[in-house]
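None of the values given here were measured: they were computed from a predicted structure.
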Amino acid sequence: MDMTIRPRRLRYGETLRKMVRETRMDPSSLIYPIFVREGSGITEEIPTMPGQYRYSVDTMGEKLQSLTDAGISQVIFFGIPDHKDEVGSGAYDADGIVQRALRRAKQDFPELYRITDVCMCEYTSHGHCGVLCGEDVDNDRTVELLAKTALSHVEAGADMVAPSDMMDGRVAAIRTALDANGYINTPILAYAVKYASAFYGPFRDAAGSAPAFGDRKSYQMDYHNSREGVKEALLDVQEGADLVMVKPAMSYLDMVTKIKEAVQVPVAAYSVSGEYSMIKAAAAAGYIEEDKIICETTVSAFRAGCDIYLTYFAEEIAGYMRDGRIG
């Protein structure tokens, strides 16, 4: 057969396949989400997320050390308070759970890059992401408290803040608050394209953040829409976001590509709890090979265009990168 062009030539041998890879990544692009809760001596497995745990401030060091040893130097903190109220006051309490975790992490792991999720759903008694007016979230009152929360996180040692609430104007409010207090170099990672997704179920169990009534469709995005996501990302960048995120990852890789093409800032994708739990459940049932699925879904996110990947599999992925299976 007379063929000049044979694409298979570049597929013979592992060395050659690695040399011509179009998608490359390393552990510096991974962020691990960690749950911290009130109390002491606590390391409790999350039933709906096998292999993931809630830690008290005094026990989280073991996990942070394990991550550091694996080459993961970025974490994002999610707080689980004992006390919740109508206005989510624990979110911006100077002695709140995330604030204490930040101070401890900064003391014990000074090289760790500390990011915080800025939202109120874990802290409100009703489980919604802000202050209510009737049964609706009051956007502007909530934005004021989100800015207060972000500032308290940075004062406690956060290197970056990541607002996940999807309120209009919150990036501008946070940027203004940080700048006014001298934190002009603290970046904002905006959950810019966050869909109202069924993939969040295990997280809401982990963080105790399920809404007591209704849903979040009046502020998180309708998953039928894509142009709206581009609009949201562009608005967040205009307001001062230094990085933007698409959440979830697996079913929204088209949005990762679209956002990557639309903005001139780094793009993150969050492989959320439901994605993690589905892989763990299918692997436990013997339906899939867990390690191969982790590798494939990870590469798919980077191939789609993400620069940063938030994942509960961060430690495993770093190992696969070291082994040369991906990366």
Side-chain angles (χ1 to χ4, degrees), residues 21-35 49 51-52 63-64 66-78 112-117 159-164 187-195 197 199-200 202-203 206 229 233 236 241-263 265-280 290-327:
R21 275 181 181 167
E22 300 173 23
T23 304
R24 298 180 185 272
M25 64 208 84
D26 63 59
S28 66
S29 60
L30 302 174
I31 298 174
Y32 179 76
I34 187 168
F35 298 98
M49 297 178 69
Q52 299 302 308
K63 182 60 177 179
L64 296 180
S66 180
L67 290 166
T68 300
D69 292 344
I72 307 297
S73 56
Q74 303 82 225
V75 297
I76 182 167
F77 288 92
F78 292 88
L112 187 73
Y113 195 83
R114 300 167 299 274
I115 308 166
T116 60
D117 177 80
D159 298 300
M160 177 187 290
V161 291
S164 63
I188 297 172
L189 165 59
Y191 287 65
V193 187
K194 181 177 179 180
Y195 286 89
S197 171
F199 281 99
Y200 304 148
F203 175 93
D236 281 357
D242 302 282
L243 314 89
V244 294
M245 185 195 299
V246 175
K247 180 183 180 183
M250 184 188 295
S251 294
Y252 298 88
L253 296 184
D254 61 319
M255 292 308 303
V256 172
T257 301
K258 288 183 179 182
I259 300 306
K260 181 75 169 182
E261 293 170 349
V263 301
V265 300
V267 176
Y270 194 152
S271 181
V272 299
S273 59
E275 299 172 47
Y276 173 89
S277 296
M278 288 192 334
I279 291 173
K280 296 297 285 189
E290 181 176 310
D291 56 344
K292 291 181 180 179
I293 294 293
I294 293 170
C295 290
E296 190 171 337
T297 53
T298 298
V299 171
S300 71
F302 284 92
R303 189 182 64 243
C306 87
D307 304 292
I308 300 162
Y309 194 50
L310 291 83
T311 171
Y312 301 96
F313 287 121
E315 200 166 339
E316 292 88 342
I317 293 167
Y320 302 145
M321 289 177 178
R322 283 196 306 275
D323 295 343
R325 297 176 59 178
I326 57 175

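From Ile34, atom CD1 reaches atom CD of Gln52 across 9.5 Å, with rounding to the nearest 0.5 Å. Here NZ of Lys292 is found 14.0 Å from CD1 of Ile326. Values are rounded to the nearest 0.5 Å. One distance of note links CD of Glu261 with CD1 of Ile259; it measures 9.5 Å at 0.5 Å rounding. In this structure, OH on Tyr309 lies 4.5 Å from OG1 on Thr298, to the nearest 0.5 angstrom. Rounding to the nearest 0.5 Å places CD1 of Ile115 at 8.5 Å from CG of Leu243. Atom CZ in Arg325 sits 9.0 Å away from atom CD1 in Ile294 (nearest 0.5 Å).
When every heavy atom of Ile31 is checked against every heavy atom of Val75, the shortest pair comes out as CG2-C, 4.0 Å. Counting all heavy atoms, side chain and backbone alike, Met49 lies closest to Ser277 at CG-OG, 3.6 Å. Here the closest non-hydrogen pair linking Val263 and Ala233 is CG1-CB, 4.2 Å. Between Asp159 and Leu112, the shortest heavy-atom distance links the atoms OD2-O, 3.6 Å. Minimum heavy-atom separation, Ala301 to Val256: O-CG1, 4.2 Å. Between Ala162 and Ile76, the closest heavy-atom pair is CB-CD1, 4.1 Å.
The backbone N or O of Ala304 lies less than 3.5 Å from a partner atom in the side chain of Thr257, making a donor-acceptor pair. Under a 3.5 Å cut-off, the side chain of Arg322 and the backbone N or O of Ala70 do form a donor-acceptor pair. Within the 3.5 Å criterion, the main-chain N or O of Ser271 finds no donor-acceptor partner in the side chain of Tyr312. Between the side chain of Glu275 and the backbone N or O of Val272, at least one donor-acceptor pair lies under 3.5 Å. Remark: side-chain polar atoms of Gln74 are not paired, donor with acceptor, to backbone N or O of Tyr113 under 3.5 angstrom. In this structure, Arg24 contributes its side chain and Glu22 its backbone to no donor-acceptor pair below 3.5 Å.
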Problem set entry | side-chain contact (heavy atoms from CB on, under 4.5 Å) evaluation trace for Tyr252 with Lys194 | CA-CA 10 Å; Tyr252 298 88; Lys194 181 177 179 180; over 6 Å; no

For this session: Using the side-chain contact (heavy atoms from CB on, under 4.5 Å) rule, take Met321 and Met25 through it: C-alpha gap first, then chi angles, then the decisive distance, then the call.
Result: CA-CA 8 Å; Met321 289 177 178; Met25 64 208 84; 3.2 Å; yes

Exercise. Met245 and Val267: side-chain contact (heavy atoms from CB on, under 4.5 Å), yes or no, with the steps?
Worked result: CA-CA 6 Å; Met245 185 195 299; Val267 176; over 6 Å; no

Problem set entry | Step-by-step side-chain contact (heavy atoms from CB on, under 4.5 Å) determination, Asp242 to Val265 | CA-CA 6 Å; Asp242 302 282; Val265 300; 6.0 Å; no

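Remark: aromatic rings of Phe78 and Phe203 are close, center separation under 6.0 Å.
For the pair Lys63 and Tyr32, the distance from NZ or CZ to the six-membered ring centre is under 6.0 Å and the angle to the ring normal is within 45 degrees. By the 6.0 Å and 45° rule, Lys247 stacks over the aromatic ring of Tyr270.
Counting only heavy atoms from C-beta outward, the side chains of Ser273 and Tyr276 never approach each other to under 4.5 Å. Contact annotation: the side chain of Pro248 approaches that of Tyr200 to within less than 4.5 Å [non-hydrogen atoms, C-beta and beyond]. Leu189 places none of its side-chain heavy atoms less than 4.5 Å from the side chain of Val244. With contacts defined as side-chain heavy-atom distances shorter than 4.5 Å, the pair Ser73/Thr68 does not qualify.
Every residue meeting the side chain to side chain donor-acceptor pair (under 3.5 Å) condition with Ser28, not counting sequence neighbours, appears here in chain and number order: Asp26.
Shown here is Glu296, whose CD atom has no more than 12 heavy atoms of other residues, nucleotides or ligands within 6.0 Å.
Residues Ser66 and Glu315 have side chains that bring a donor and an acceptor to within less than 3.5 angstrom of each other. For Tyr191 and Asp236, the side-chain atoms include no donor-acceptor pair closer than 3.5 Å.
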